[in-house]
Amino acid sequence: MTPLQQRLVGHLQLLYPQSDVMELAQQCLAQFGLEADASAPVPHRNLWDERDVMLITYGDSLRSESEAPLQSLTRFVRTQLHDCISTVHLLPFFPYSSDDGFSVMDYTTVNPSLGTWEQISGLSQDVKIMGDLVINHCSSRSLWFENYKAGIEPGASYFVEADPGTDLSAVVRPRTSPLLREVKTAAGERHLWCTFSHDQLDLNFQNPRVLLEFLKIIRLYLDNGIRWFRLDAVAFLWKTPGTPCVNLPETHELIRLLRLLIEHLASDAVIITETNIPNQENLTYFGNANEAHLIYNFSLPPLLINTLLTGSCTHLKNWLMTMPPAQHGTTYLNFIASHDGIGLRPAEGLLSDWELQSLIATLQRFGGRISARTTTSGESKPYEVNISLWDALRGTSNQGPDQWQFARFVCAAAIMAALEGIPAYYIHSLVATGNDNERVENTGSYRAINRHIWQEDALQQALIGDTHHARVFDAMCTLLRLRRQQPAFHPNATQYTLHTGEALFAFWRQSIDRRQSLFAVYNISDQPQSFNLSELNLIATDDWTDLISCEAYNDRMAQITLMPYQYLWLSNRRS
């Protein structure tokens, strides 16, 4: 056997001990179109640098009367963001039945209302594309489910059946709906596992046929220019009754198997795990640099927003100090807002119950809606806050809405831009879209509050007029262009948290070649804050300049006062 075959067989033996793993390994390679003697990629390579910035968007976040939405999006990226971003996270673009794309009906087809595979391939010529591999579940309107009910393949064995009399109380749930759905089939009544909703039926990865189907799907993505793979809701993938059915060893094993095959076929491919769970569990998805290349920094959104609403960076600083530096070949994906809400589970153990309740109450005051989950004890508990980032940062917990919304918003973006990892900005954060309450009422979904659809002409007018949209977009583009020029912001560059008090959040970054040092200092409060430059380790032989204001700092004993939400990027090297 070749080294690739040996490693593949090892994974399959752990996942499918009852199968002929030698035969299954050959089927995997054939389905994936991969030669057995394919060479392994060089380990611990960084497939990114300081120029990497991600845009998160739906294919139809921009719409035009005269063309497919993917064409409008491509033009926006090319004309407005060509020097600001490197990667586009294109949220599910398939035919779907609910959840704005995450109930996939057909993984092989681009939703005709969005565009075509050719348009996705065309966009991949300009930027890297991250696609969603909605791997945990599919739509109840899929062909697979129709085949399941009829008892024919593909589909008859693709879903997770469970006896309703089985004790499933230990199962961790992200929703409040019943776990099992009753289904009438040609073989009689059955009950199927639905982690998220009854329109989203969990797939049975204990059946190797399901694995082979997804290998074919992944190959299709690769053939159409997608190189970054977001494994959606992957923590829930493997089901073993009597366990929490989240983060099981088999789930990690399957991720290792997928990575093995994907990176042998495309050495520039990247796997990202989407695991909206407590921080310590989330970190396990790096494995030993053999699972995810990137993991979502899910604790960052609630902690950063809480910091800016309370004027205290204590919890954010304490969390940052405990985060392990990512090994080369891995890094964090940082975000504050996305198509989903602000997850609260990743703040468990980091914020007290009282602090979480205060955060929730403040965001409700600013128009947020609360989505819940059911705990193993049957209790309904807040799971996420649904709100636009622009409205989430409208004011403070103590004072409510104030005059600092713009400064606070840009400060949040600038903190994320400077942290270890790759920053990802939701399109509605780039243009400061507010809460879309009308869409919530029309769809009945709280998440729709932050899934506004812009008419392209209206957005273009908003971005050239005297609007907060234009001010924010200009500030964001300026920020991202500057960020992409700093070697100290390489996702794997050294980071060290500084102790500058409760109202000043500060950390030090140093480029991998150690030539650039950069001190990022942020006033995260609504009051002026002062500090002495002597508190920073400013090397005497270097000249220091604030990259934001271009002001030189020669007096290393000077006292600096930052206005509310003002920040410095103090560097010994100018761009």
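Keep in mind the model is a prediction, meaning the values are calculated, not measured. Note that the numbering runs from 1 along the sequence shown for the chain. We use all heavy atoms of the structure for the numbers below, so side chains are in, but hydrogens, waters and symmetry mates are not.
- One finds a salt bridge joining Arg408 and Asp402 here, because a Lys/Arg side-chain nitrogen approaches an Asp/Glu carboxylate oxygen to under 4.0 Å.
- Residues Ile135 and Leu203 come closest through the heavy atom pair O-CD1, 3.8 Å.
- Counting non-hydrogen atoms of other residues, nucleotides and ligands closer than 6.0 Å to CD of Glu65 gives a total of 12 or fewer.
- Surrounding CZ of Arg439 are more than 12 heavy atoms belonging to other residues, nucleotides or ligands, all under 6.0 Å away.
- With sequence neighbours excluded, the residues that form a ring-ring contact (aromatic ring centres under 6.0 Å, His included) with Tyr107 are Trp144, Phe214.
- Of all heavy-atom pairs spanning Ile336 and Ala412, the tightest one is CD1-O, 3.5 Å.
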For this session: Give the C-alpha distance, both sets of side-chain angles, the deciding distance and a yes or no for side-chain hydrogen bond (donor to acceptor under 3.5 Å, both in side chains) between Asp49 and His490.
Result: CA-CA 5 Å; Asp49 61 26; His490 186 290; over 6 Å; no
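- Minimum interatomic distance between Arg219 and Phe32 (heavy atoms only, all atoms of both residues): NH1-O, 3.0 Å.
- Using a distance-only test at 3.5 Å, with no hydrogens or angles considered, no donor-acceptor pair links the side chain of Tyr425 to the main chain of Ser338.
- Using cut-offs of 30° and 60° on the angle between ring planes, the pair Tyr496 and Trp508 is perpendicular.
- Just one of Thr307, Leu304, Leu562 meets the side chain to side chain contact (heavy atoms under 4.5 Å, CB included) condition when paired with Ile524; it is Thr307.
- Counting only N and O atoms by type, the side chains of Asn247 and Glu281 include a donor and acceptor under 3.5 Å apart.
- Checked for salt-bridge contact, Asp340 and Arg451 meet the test: a charged N lies under 4.0 Å from a carboxylate O.
- Residues Arg78 and Asp126 share a closest heavy-atom pair of NE-OD2, 2.6 Å.
- Crowding of Arg51 atom CZ: a count of heavy atoms from other residues, nucleotides or ligands under 6.0 Å not exceeding 12.
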Exercise. Is there a salt bridge (Lys or Arg N to Asp or Glu O under 4.0 Å) between Arg175 and Glu384 once you walk through the steps?
Worked result: CA-CA 10 Å; Arg175 299 290 185 272; Glu384 68 178 20; 5.9 Å; no
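- Ring-plane geometry between Tyr296 and Phe335 is classed as perpendicular, the angle between the planes exceeding 60 degrees on a 0 to 90 degree scale with a lower cut at 30.
- Ring centroid separation for the pair Phe409 and Trp404 does not come in under the 6.0 Å cut-off.
- The aromatic ring centres of Tyr565 and Tyr522 sit 6.0 Å or more apart.
- The existence of a salt bridge linking Arg75 and Glu456 is confirmed by a sub-4.0 Å separation between a basic side-chain nitrogen and an acidic carboxylate oxygen.
- In this pair, His339 and Phe102 present their aromatic rings parallel. The plane angle is below 30°, not in the 30 to 60° band.
- The ring pair (Phe, Tyr, Trp, His ring centres under 6.0 Å) with His468 is formed by just one residue from the set Phe406, Phe473, Trp390; it is Trp390.
- Annotation: Glu438, atom CD; neighbour count of heavy atoms from other residues, nucleotides and ligands within 6.0 Å does not exceed 12.
- Annotation for Leu81 and Leu55: closest pair CD1-CD2, 3.9 Å, computed over non-hydrogen atoms.
- In the displayed structure, Arg365 atom CZ is contacted under 6.0 Å by more than 12 heavy atoms of other residues, nucleotides or ligands.
- No cation-pi contact links Arg345 to Tyr383, judged by a cut-off of 6.0 Å to the six-membered ring centre and 45° from its axis.
- The aromatic rings of Trp48 and Trp228 sit perpendicular, their planes meeting at an angle over 60°, well past the 30° parallel limit.
- Across every non-hydrogen atom of Ala493 and Ser511, the tightest pair is CB-CA, 4.2 Å.
- By the 4.5 Å heavy-atom criterion applied to side chains, Ile305 and Leu389 are counted as neighbours.
- Between His469 and Trp454, the angle of the ring planes goes over 60°, which puts this pair in the perpendicular group of the 30/60° scheme.
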